Each structure stands twice: as C-alpha cells, then as structure tokens.
Amino acid sequence: FLTQPSIISTMETQVSNGPTSNSGLPNGPPLSANGAADDSKTNLIVNYLPQNMTQEEFKSLFGSIGEIESCKLVRDKITGTGGLAPPVSLEPPSDPSPPPKVPYARPSSASIRDANLYVSGLPKSMSQKEMEQLFSQYGRIITSRILVDQVTGVSRGVGFIRFDKRIEAEEAIKGLNGQKPLGASEPITVKFANNPSQKTGQALLSHLYQTTARRYTGPLHHQTQRFSPLSLISRFSPITIDSMTSLAGVNLTGASSGGWCIFVYNLSPEADESVLWQLFGPFGAVTNVKVIRDFATNKCKGFGFVTMTNYEEAAMAIASLNGYRLGDRILQVSFKTSKQHKA
DNA sequence: TACTATT
C-alpha cells in the first residue's frame with residue numbers, strides 16, 4: 001500500500017463533509033439532534049493511498065467491506081496526483097462493533113485547521129513516543145511523525161505534531177520553540193508546518209524555471225566539464241574521504257539515501273533556487289536544491305544545499321565550483337558536514 | 001555571515 005518516494009507530495013488532509021442527506025433507508029446514516037446526518041461513525045479517512053489510485057479502484061477497495069454511501073479521493077490541487085484522505089461513508093457499525101481498521105474522519109471545522117506543527121532540531125535519539133510526551137502537555141495529539149533516513153532508519157531530527165485544536169498548537173509553539181528538551185544539547189524549533197501543496201508548487205516551479213531557463217539561455221559554460229574523464233577524481237573515493245575526515249574530526253553527512261548533499265557558501269542575499277539549479281545541473285543529476293533564507297527578510301542567509309544523485313558528478317561539481325566567482329562573490333562548495341566548519 | 005530538513 002506504500003508509494004514510492006516522490007518529489008510530488010500529497011495534499012494536506014482535506015476532509016469532505018460526507019453525506020449531508022439522510023437516505024431514509026433502514027441502514028442509512030444516523031441523524032443528529034438537528035436532523036443533519038451524523039457521520040462521526042461512518043466517515044473514514046484513509047491515508048497513504050498510492051498516488052496513481054483511481055476513484056474506481058478506491059471505491060472497489062472499500063466496497064468489499066460494506067455499502068458505500070459516498071467516497072471521495074482527494075487529489076493535489078496542482079499536480080492532480082492522488083494519495084490522501086478520501087472520506088468513505090459506510091453503513092453505521094453494529095453495536096458492539098469492532099474498532100475500525102482506518103480512523104474515523106474528524107468533523108471538519110475551523111478550530112482544527114492549522115493545528116499541524118513542524119519540529120526540527122530534535123535529538124536524534126528522541127523517539128516518536130518521547131516527542132509526543134513532550135508535546136502532550138499542550139493538548140490532544142492527533143498524529144505525530146519523526147522523519148528518518150530511509151536507509152539507516154536513523155532520525156533526521158525533524159518531525160510533525162498535529163494537535164486536535166489550533167490553539168493547542170499555538171500554545172505548544174509558545175512553550176517549546178527554542179527550548180531544549182530534557183537532556184538535549186540543542187534547542188528545538190517549533191513552527192506551523194507548511195502546507196504540502198505549497199511545497200509541491202514550489203518544487204514544480206523551480207523545475208519549470210530550470211528547464212525553461214536552459215532552453216533559452218543555451219549551453220552553460222560548465223557543460224563541457226560534464227564529460228571530463230572521471231578517472232581524475234577516482235582517488236577521492238567515498239571511503240578515502242571518510243577515512244580522511246574521520247582523522248580530521250569532521251563528519252561527512254553528504255551521503256544519504258537521497259544522494260550526496262553539498263553545502264554551498266557565500267551566496268548573495270538575492271540568490272534563489274534557480275541559480276543553484278543552473279550552477280550544479282550541468283554536472284549531472286540534481287534531485288534537490290535549497291537556499292536558506294532569513295524568515296523575516298526572506299533574503300538568502302548566504303548558504304544553501306544541493307543534493308546530487310551520483311558521487312562522481314557531485315565530486316566534479318565541487319571540484320569545479322569551489323572557488324568559482326558568482327557575481328562579486330567567491331563560492332565555497334563542499335560536501336555537507338555534520339557541524340560547523342572547522343579550519 | 002559557515003551546515004537544511006516540511007509527512
């Protein structure tokens with residue numbers, strides 16, 4: 001049931017209002033006091049659906065369980081890809097009834113919107129349970145997650161907490177943002193999470209910008225280096241670099257399941273993602289670029305990150321772009337290290 | 001001005 005990782009992420013939970021009219025049939029949805037359909041026990045939310053699943057496939061999946069009154073497959077507004085949160089309405093459960101295999105959809109209301117928090121700087125040793133314990137003092141947690149490296153399974157120090165109510169999330173930010181968890185050496189950052197569809201749009205626009213810009217600006221001058229003999233840098237194998245940096249007391253964290261992460265320093269305040277695409281793209285497969293910006297000014301803080309799939313191409317990009325003059329600045333480019341630069 | 005992280 002799990003999907004392949006993709007740059008196309010699914011949309012934020014979007015719960016339909018479900019059935020609004022009573023069918024009048026013996027098995028129809030129960031009515032609340034005001035006569036409106038009570039779908040609290042018949043409306044389900046289903047996450048992590050395959051992105052290519054169709055409405056028909058989704059319906060037939062649940063149709064084998066019971067009669068479906070209505071169902072909706074929620075798709076990303078921008079990409080049209082599916083994958084999340086179609087409310088399904090089934091006949092009311094018998095009493096007593098077994099617990100549902102998928103959670104009931106919560107009734108849609110303004111008070112539960114924007115209650116999702118993004119947490120970074122978590123100690124790598126902190127478990128999801130421990131994170132929940134930290135946040136549970138501020139309210140009822142609906143969902144939580146800690147992002148992990150897909151290969152090693154180790155925490156990336158980043159997670160999500162969705163509270164039942166927005167005011168609970170606000171209180172958690174006030175209480176925990178910038179605070180050190182018990183025993184932690186670094187403070188955590190707690191903020192409202194981005195809406196996934198926003199990020200999807202940004203990624204698409206970056207890509208679009210990249211491909212469109214290339215089409216009209218013609219070959220970049222780095223492009224020839226893409227075909228340079230790789231044997232020249234073969235002595236810089238990952239193992240060699242690892243052993244060298246271990247001796248130097250610097251940990252490389254450039255390598256991960258997502259590819260090789262490159263640290264780019266001395267970007268101008270006006271730098272944006274497209275400049276990183278243009279600089280690194282000619283050297284090979286670039287899967288991600290990120291310019292780090294100041295929250296208040298939205299200006300680049302002087303550095304960014306580029307992820308490249310292949311080690312040889314990443315090494316060639318670093319060898320070529322470290323010391324490269326961009327405008328009036330000399331770039332410093334290296335594999336990302338785990339901590340601050342050491343001389 | 002020196003190391004992110006957005007299910």
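Values below: every heavy atom of this structure, side chains too, minus hydrogens, waters and symmetry copies. Everything numeric here is computed off the predicted structure, so don't read it as measured data. Residue numbers begin at 1 in each chain, while the letters A, B, ... track the order of the sequences.
Residues satisfying the side chain to side chain contact (heavy atoms under 4.5 Å, CB included) criterion with A/Leu267, sequence neighbours excluded, are A/Val264, A/Ala271, A/Leu276, A/Cys300, A/Leu326, A/Leu331. Checked against side chain to side chain donor-acceptor pair (under 3.5 Å), A/Asn322 has no partners two or more places apart in sequence or in another chain. Under the side chain to side chain contact (heavy atoms under 4.5 Å, CB included) criterion, A/Ser136 pairs with A/Ile141, not counting sequence neighbours. Take A/Ser109 and apply the side chain to side chain contact (heavy atoms under 4.5 Å, CB included) test, not counting sequence neighbours, and it matches A/Ser111, A/Ile112. Under the rule for a ring pair (Phe, Tyr, Trp, His ring centres under 6.0 Å), the partners of A/Phe160 that lie at least two apart in sequence or sit in another chain are A/Tyr118.
Here B/dT6 presents its P atom at 14 Å from CG of A/Asn195, a figure rounded to the nearest Å. Residue A/Gln332 contributes atom CD, which lies 11 Å from atom P of B/dT1 at whole-angstrom precision. One atom, CG of A/Asn116, and another, C1' of B/dT7, lie 8 Å apart when rounded to the nearest Å. Atom pair A/Lys124:NZ and B/dA5:C1' shows a separation of 9 Å (rounding to whole Å applied). In this structure, the CG atom of A/Leu267 is 13 Å from the P atom of B/dC3, given to the nearest Å. Atom CD1 of A/Ile262 is separated from atom C1' of B/dC3 by 13 Å (rounded to the nearest Å). Rounded to whole angstrom, the span from the CD atom of A/Glu273 across to the P atom of B/dA5 amounts to 11 Å. For A/Trp260 and B/dA5, the CH2 to C1' distance is 19 Å, given to the nearest whole Å.
Not a single donor-acceptor pair under 3.5 Å links the side chain of A/Gln179 to the backbone N or O of A/Pro187.
Closest to the side chain of A/Val158, out of B/dA5, B/dA2, B/dT7, is B/dA5. In the set B/dA5, B/dT1, B/dT7, B/dT1 carries the atom at the smallest distance from any side-chain atom of A/Asn266. Considering only side-chain atoms of A/Phe303, the nucleotide from B/dC3, B/dT7, B/dT6 that sits closest is B/dC3. With distances taken from any side-chain atom of A/Lys290 to the nucleotides B/dT1, B/dA5, B/dC3, the minimum falls on B/dA5. Closest to the A/Phe263 side chain, of the nucleotides B/dT6, B/dA2, B/dT7, is B/dA2.
Counting non-hydrogen atoms under 4.0 angstrom, A/Lys191 reaches a base of the nucleic acid. Across all strands, A/Arg329 comes closer than 4.0 Å to base atoms (heavy-atom distances).
Proximity of the aromatic rings of A/Phe305 and A/Phe263 is defined here by a centroid distance below 6.0 angstrom, and this criterion is met.
Remark: the A/Arg162 side chain and the B/dT7 base include no donor-acceptor N/O pair separated by less than 3.5 Å.
Judged by centroid separation below 5.5 Å and plane tilt below 30°, A/Tyr265 does not stack onto the base of B/dC3.
At a non-hydrogen distance threshold of 4.0 Å, nothing from residues 126-139 of chain A comes into contact with DNA chain B.
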